[in-house]
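Reading through the structure tokens given below for one structure.
So that the names make sense, note that chain A is the first sequence line, chain B the second, and so on, each numbered from 1.
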Number of protein chains: 2
Amino acid sequence: MTRKAPTLEDVAREAGVSRATVSRVVNGIRNVDPAIRETVREAIARSGYTPNRAARSLVTRRAGTIALVVSGAGDDTGGERNEFAARALADPFFGRVVSGVVGFLRPRSTHPVLMFAESEDARQQVLAYLRQGSADGALVFSTHAEDPLPGLLAAESLPCVLFARPARPAPVTYVDLDHREGGRLAAEHLLARGCRRGATIAGPLDLPAAQDRLSGFQDTMARHGHPYVPIAEGGFTLDSGASAMKRLLAEHPDIDGVFAANDLMAQGVCQALRASGRRVPRDVAVIGFDDSSAALACFPPLTTVRQPMEEMAATMARLLQEQIEGKRTEPTSVIFEPELVRRESA
Amino acid sequence: MTRKAPTLEDVAREAGVSRATVSRVVNGIRNVDPAIRETVREAIARSGYTPNRAARSLVTRRAGTIALVVSGAGDDTGGERNEFAARALADPFFGRVVSGVVGFLRPRSTHPVLMFAESEDARQQVLAYLRQGSADGALVFSTHAEDPLPGLLAAESLPCVLFARPARPAPVTYVDLDHREGGRLAAEHLLARGCRRGATIAGPLDLPAAQDRLSGFQDTMARHGHPYVPIAEGGFTLDSGASAMKRLLAEHPDIDGVFAANDLMAQGVCQALRASGRRVPRDVAVIGFDDSSAALACFPPLTTVRQPMEEMAATMARLLQEQIEGKRTEPTSVIFEPELVRRESA
DNA sequence: CCGGTCCGGGAGAGCGCTCCCGCGCCGCGC
DNA sequence: GCGCGGCGCGGGAGCGCTCTCCCGGACCGG
């Protein structure tokens with residue numbers, strides 16, 4: 001802190017006008033004489049004026065900040081590291097989310113605050129943060145089915161938009177993917193390449209998304225004459241995918257195609273398959289889900305069902321913005337369509 | 001917005017005291033009669049009062065927020081997605097950073113704002129954000145050597161702490177790793193397992209960290225009778241690691257050990273090696289750097305040089321805090337020691 | 001030529017909070 | 001018994017901004 005930052009008042013004095021006029025120029029409100037506007041602009045440039053956000057927020061009751069909350073259940077160690085945060089961000093899917101959110105927010109000079117709500121304590125912090133107006137609303141990504149956060153947010157009518165349909169119906173806005181359709185795409189692709197013994201590794205079945213991916217896959221397989229498809233449940237992590245695959249292999253050694261409910265598990269599947277001496281895709285075809293960076297990091301690169309994460313995240317941000325501005329009061333939902341991305345694994 | 005949120009005034013009236021007293025209770029200042037304190041506490045609980053952060057910031061000139069800036073050079077497409085952000089977060093190393101930062105910040109009810117400074121425009125936004133007091137300081141992670149951001153920040157004496165020593169000496173606080181030592185650890189391990197033809201894939205050599213890892217490795221190899229070590233330069237990405245390995249293999253098919261300057265490149269190395277029919281670690285041992293989640297995602301799991309990222313990030317947050325509070329005015333640096341983590345790749 | 005309208009600009013009232021200052025009361029010392 | 005110090009509390013100013021009101025001048029129509 002060298003010297004005090006210039007205020008509106010200072011600029012006004014410098015330009016020989018009133019505070020109000022400078023404010024009008026800064027906020028781009030019309031009704032200002034072009035000549036005066038220029039004078040003010042110069043004065044602003046000369047003094048290096050930057051509006052004080054706190055003062056502005058105080059009167060506009062808007063923070064110009066939104067919270068990006070990763071919510072779920074975890075062990076709140078409270079130590080110098082936060083396992084939950086680490087795990088959430090380790091999911092390569094997250095990078096695309098942030099990319100989409102930032103893409104939308106930045107042109108509006110808004111920035112996301114990163115928060116984690118894995119414990120009751122943490123949830124209360126998120127709530128307090130929004131209540132006290134530090135952020136205008138929240139973008140919520142639940143990693144867990146029975147996440148209480150959306151309900152708490154809705155109860156205080158704090159603006160929020162969820163990623164994925166909540167497990168139990170609630171009057172909240174959300175953005176989601178047609179997961180059933182994704183499961184169908186995976187099944188059709190496996191069938192088309194001639195797989196006769198398809199299997200699947202589902203995500204945690206309390207999550208609607210995991211359920212839908214599974215049922216979309218199963219239904220399509222059934223419709224094509226494969227009513228019984230071996231299933232193992234995983235936890236959306238690499239390890240869980242690998243061990244689920246081992247279980248599947250133990251009972252059904254003749255599997256020739258696997259649909260994993262996300263890329264991380266598919267990566268684990270590839271590892272397990274390779275460890276068992278099988279080649280991908282020659283012996284067993286593997287399809288993932290998400291098209292996250294894991295799909296490319298995998299060997300071989302994964303054929304996968306792509307979620308348009310960036311657009312989805314940007315849409316979430318847009319819906320939240322509309323909610324904050326009061327343009328949209330009714331809960332809405334926007335469902336995106338998945339797309340099959342062909343690479344080498346299937 | 002149902003009804004107006006209660007203010008200090010409301011609570012004061014409710015408790016039959018003055019605003020000042022409530023403020024004292026809220027901020028935990030002594031000099032308040034225990035009985036009155038209790039009365040006020042109850043009134044706060046009853047009314048569900050939450051202090052308004054904007055108002056508080058306005059007078060304390062402190063935002064209670066810090067910026068977590070990923071800085072570097074990228075193509076600012078300005079579209080709905082932000083490639084730079086996506087790439088930065090795709091680096092699994094980032095999850096551990098956030099984990100460490102959040103671990104330190106959260107107990108202090110502070111939260112990080114995520115920002116990207118890959119273009120001049122974006123840099124100015126970061127600067128403006130700090131100038132206008134939206135954040136009290138910045139934690140800067142440069143992906144690029146000639147990053148102008150630290151200089152700009154220092155010029156306006158905005159509090160900041162860098163990850164890694166800046167390429168050109170500057171009076172800024174930073175936290176870093178003893179990269180030379182890391183390179184040494186890698187070399188010694190390779191030597192100890194009997195490698196005779198070690199090679200290395202360096203990071204972008206304009207980065208001091210990449211240079212140091214390389215020279216630590218080279219020097220140690222030289223000291224043990226291997227003055228000439230094949231080198232290829234990569235870009236810290238998986239693909240660059242794979243293609244660097246291919247180049248290396250073309251000229252030196254007898255390589256039996258590789259030190260890659262980060263895990264992502266090591267992962268690419270493993271893929272390239274496997275594609276060439278070599279087994280890891282049987283034919284070629286591979287060592288990575290970072291111990292990011294990529295180390296485990298790799299097949300086989302990587303032996304790697306671990307950076308204590310969480311502690312480093314937490315330390316950055318602590319140093320920044322001290323700077324903001326004015327407890328520390330002189331630039332400091334804290335250097336951490338790397339550690340070898342043995343897994344299967346070497 | 002006068003009244004009405006419109007538009008650019010200024011004055012001032014807060015937004016909710018912190019913090020300085022000062023007042024009254026209690027207790028201790030002379 | 002009176003004076004003085006200290007502690008607990010209230011009053012009030014003011015942080016920097018926005019926004020509503022109002023005023024004065026220009027312009028138009030009757």
- Between C1' of C/dG8 and CZ of A/R37, the distance in whole Å: 12 Å
- Task: May I have the distance from A/L58 (atom CG) to C/dT18 (atom C1'), rounded to whole angstrom?
- Result: 12 Å
- Query: Can A/L8 and A/Y49 be said to form a side chain to side chain contact (heavy atoms under 4.5 Å, CB included), step by step?
  - Reply: CA-CA 8 Å; A/L8 257 197; A/Y49 168 75; 3.5 Å; yes
- Between C/dC17 (P) and B/N27 (CG): distance, integer Å: 10 Å
- 5' to 3' on DNA chain D, which nucleotides open and close the contacts with chain A (atom under 4.0 Å from a heavy atom)? D/dG16 to D/dC19
- Query: Between A/T7 and A/E9, does any side-chain donor sit less than 3.5 Å from a side-chain acceptor?
  - Reply: no
- Message: So if I apply the side chain to side chain contact (heavy atoms under 4.5 Å, CB included) rule between A/L162 and each of A/L153, A/V172, A/D176, which one comes out positive?
- Response: A/V172
- If each of A/R56 and B/V22 is mapped to the nucleotide of DNA chain D with the nearest heavy atom, which maps nearer the 5' terminus, i.e. the 5' end? B/V22
- Whole-Å distance separating the CD atom of A/E9 from the P atom of C/dG12: 12 Å
- Task: Name the residue closer to the 5' end of DNA chain D, choosing between A/T7 and B/V17 according to the nucleotide with the nearest heavy atom.
- Result: B/V17
- Item | Position toward the 5' end of DNA chain C (nearest nucleotide), A/D33 or A/R19 | A/D33
- In terms of side-chain heavy atoms, does B/H144 have a donor or acceptor partner in B/E118 at a distance below 3.5 Å? no
- B/V40 pairs by side chain to side chain contact (heavy atoms under 4.5 Å, CB included) with which of B/V32, B/V26, B/V22? B/V22
- Is it the case that more than 12 heavy atoms not belonging to B/R108 sit under 6.0 Å from its CZ atom? yes
